[in-house]
Amino acid sequence: MNQRADHPDSRAPRHRSVVIVGAGPAGLTVGNILRAAGVDCLVLETETRGFIERRPRAGVIEEWAVRGLERRGLARDLLERAEPHTACEFRFDGERHRFSYGELTGGHHWVYPQPLLVTDLVREYVDVRGGTARFGVRGVRLYGLDGDRPSVSYVCPDTGQREVVTCDYVAGCDGARGVTRACVTPGRVRVARHDYGIGWLALLAEAPPSADCVLFGCHPDGFAGQMPRSPEVTRYYLQCPPGDDPANWPHERVWAELRRRLEVAGAAPLTEGPLIEKRVLDMHDYVTEPMVSGRLFLAGDAAHLVAPIAAKGLNLALHDAFLLGDALVARFTGGDGGGLAGYSAACLRRVWDYQEFSQWLSELYHGTAAGDPFRAGTTLARLRRLFTSPTAAAAFAEQYLGTAARY
């Protein structure tokens, strides 16, 4: 799509140094880094500002990512409002096993719902740093990505007219279903894919968390998880067949399964509440190599998707954004193109590290429900080892926190 050097639009194009397609965490972080350095850019987003500030998404942010935001002046509200988490709890064989990774490493996660982070980033980019953004655009098209003056066009929601912008670089931050993924030059990239063959029923409940930490239920009937989001809202997951219909999961069935898979001796009963979100996620991953095609640089889910098994997707998007934003600033303010030349390789080292951990963790979560006694037995052995071997515990804690991937 749209690899032509020209475009059919007759309106005289305007010019921006960088056009960023997508106003998620990756795109907004890149935009904020550019604006702080005085680099001209434009953010294009198909949804409205109000929609992206409410869209429910991930909420676990690793410590290195928070510090990266803080260094760039983007973490003030996060540090004031987010909750630090230092432990998680595995429930298997009818017992609860608390894993205090904070005591092992001195590190922790931050729980801060992604809509709040996006709201912070939009406000900083548009209202504080004076960045230009167009929300609710349609028909985004890219042209001339292999030349030195690519362009992007879009339909303005206010006028209905197609606007054209030339630029030096395009940042593709519009997610797994965005237009930029389709614009890489055919044959120039490889897309590696992995399908877990399972689904997760993703739920948001208007109910306080039933425990003070993340819960992982490794049950013969399927995985269940609890991820606190706020004092009033809790994220739950239930393993289900891929492609399952959320309508097959009425309120009573959801809570019955959560109780069966999560309740163990000595644990408080689950606190029930209305289900305000219910959707099925088919667990799969992909990685695009390289993450660059001409003047198009992909970031976040536009370049790679990691299943939410280990809560790594948001963190990878921020890692990409830090590298891409800094590399573009170096190119425009000092003429140094080294960061752009090494961008893909630097991102992919962490991407593959997180993919490997997510795949390993999937077996921990789902192996007991595989219907294979051998897999169930080895999975239980792996789970027990976390609580009997200091070496195994330390290795898991490092990967879980993202501190092992020092790139």
Side-chain angles (χ1 to χ4, degrees), residues 24 26 56-58 60 172 174-184 186-203 216-225 227 235-249 257 261 277-291 298-317 319-320 344 347-376 378-379 382-383 399-400 402 405:
R57 287 291 185 270
V60 177
D174 52 341
R177 299 178 180 85
V179 67
T180 61
R181 289 194 71 225
C183 291
V184 296
R188 187 177 288 180
V189 302
R190 180 189 75 174
V191 180
R193 301 178 184 274
H194 174 70
D195 190 339
Y196 291 93
I198 58 173
W200 275 12
L201 180 68
L203 306 154
F216 303 127
C218 305
H219 193 276
D221 292 328
F223 170 77
M227 287 72 177
R235 168 73 75 187
Y236 286 101
Y237 291 113
L238 278 170
Q239 183 179 344
C240 66
D244 203 353
D245 186 346
N248 294 332
W249 293 86
E257 282 299 309
R261 301 183 196 185
E277 184 193 47
K278 190 164 48 174
R279 57 196 176 102
V280 172
L281 309 175
D282 290 344
M283 296 290 105
H284 66 281
D285 311 315
Y286 62 76
V287 179
T288 303
E289 294 186 277
M291 293 166 51
L298 301 177
D301 287 358
H304 44 73
L305 182 72
V306 56
I309 291 166
K312 297 295 189 183
L314 171 58
N315 296 284
L316 283 178
H319 182 251
D320 293 350
S344 180
C347 290
L348 287 168
R349 284 192 290 271
R350 186 178 287 266
V351 168
W352 281 117
D353 186 89
Y354 281 17
Q355 292 283 16
E356 186 278 332
F357 178 62
S358 292
Q359 193 174 49
W360 181 90
L361 194 58
S362 175
E363 185 64 15
L364 206 68
Y365 290 167
H366 307 115
T368 57
D372 179 343
F374 189 89
R375 280 183 66 187
T378 56
T379 298
R382 186 178 293 180
L383 282 162
Q399 291 177 299
Y400 188 59

Atom CD in Gln355, atom CG in Leu348: separation rounded to 0.5 Å? 10.0 Å
I need the minimum non-hydrogen distance between Thr379 and Gly367, along with the two atoms involved. OG1-CA, 3.3 Å
Hey, mind stepping through Arg181 and Tyr286 against side chain to side chain contact (heavy atoms under 4.5 Å, CB included) and telling me if it holds? CA-CA 12 Å; Arg181 289 194 71 225; Tyr286 62 76; 3.6 Å; yes
Starting from the C-alpha separation in whole Å, work towards a yes-or-no answer on side chain to side chain contact (heavy atoms under 4.5 Å, CB included) for Lys278 and Tyr236. CA-CA 10 Å; Lys278 190 164 48 174; Tyr236 286 101; over 6 Å; no
Judged by atom type as modelled, is there a donor-acceptor pair below 3.5 Å linking the side chain of Lys312 to the main-chain atoms of Ser358? no
How about Glu289 and Trp352: do any of their side-chain heavy atoms sit closer than 4.5 Å? yes
Could you tell me the separation between the OH atom of Tyr196 and the CG atom of Leu281, rounded to the nearest 0.5 Å? 13.0 Å
Asp301 side-chain N/O to Ala176 backbone N/O, donor-acceptor pair under 3.5 Å: no
With a 4.5 Å limit on heavy-atom distance, are the side chains of Trp200 and Tyr365 in contact? yes
Check Trp249 against Cys240 and note the closest heavy-atom contact, atom names and distance. CZ2-CB, 3.9 Å
Kindly give the heavy-atom pair with the smallest separation between Cys347 and Asp320, and that separation in Å. SG-OD1, 3.3 Å
Keeping the roles fixed (side chain from Asp195, backbone from His284), state whether a donor-acceptor pair exists under 3.5 Å. no
Say you draw a straight line from CG of Asp285 to NE2 of His304; how long is it, rounded to the nearest 0.5 Å? 11.5 Å
Chi angles and distances behind the side chain to side chain contact (heavy atoms under 4.5 Å, CB included) call for Leu383, Leu364: CA-CA 7 Å; Leu383 282 162; Leu364 206 68; 3.6 Å; yes
Closest non-hydrogen atoms of Gly243 and Asp282, given as atom of the first, atom of the second and distance, are N-OD1, 2.8 Å
Test item: Gln239 and His219 side chains (from C-beta on) under 4.5 Å apart, heavy atoms: no
Between Arg261 and Phe223 (side chain of the first, backbone of the second, donor and acceptor by atom type, cut-off under 3.5 Å), is there such a pair? yes
Might you point out which heavy atoms bring Met291 and Thr288 nearest each other, and give the distance in Å? CG-O, 3.4 Å
Taken to the nearest 0.5 Å, the spacing of Asp244 CG from Leu238 CG works out to 10.5 Å
Within this structure, what is the CE-CD1 distance for the pair Met283 and Ile198, rounded to the nearest 0.5 Å? 6.5 Å
Spatial distance of atom CG (Leu361) from atom CD1 (Ile309) [nearest 0.5 Å]: 7.0 Å
How about Leu201 and Glu257: do any of their side-chain heavy atoms sit closer than 4.5 Å? no
Please give me the minimum heavy-atom distance between Val179 and Asp174, naming the atom from each residue. N-OD2, 2.8 Å
CA sep, side-chain torsions, deciding dist, call: Val189, Leu298, side chain to side chain contact (heavy atoms under 4.5 Å, CB included): CA-CA 12 Å; Val189 302; Leu298 301 177; over 6 Å; no
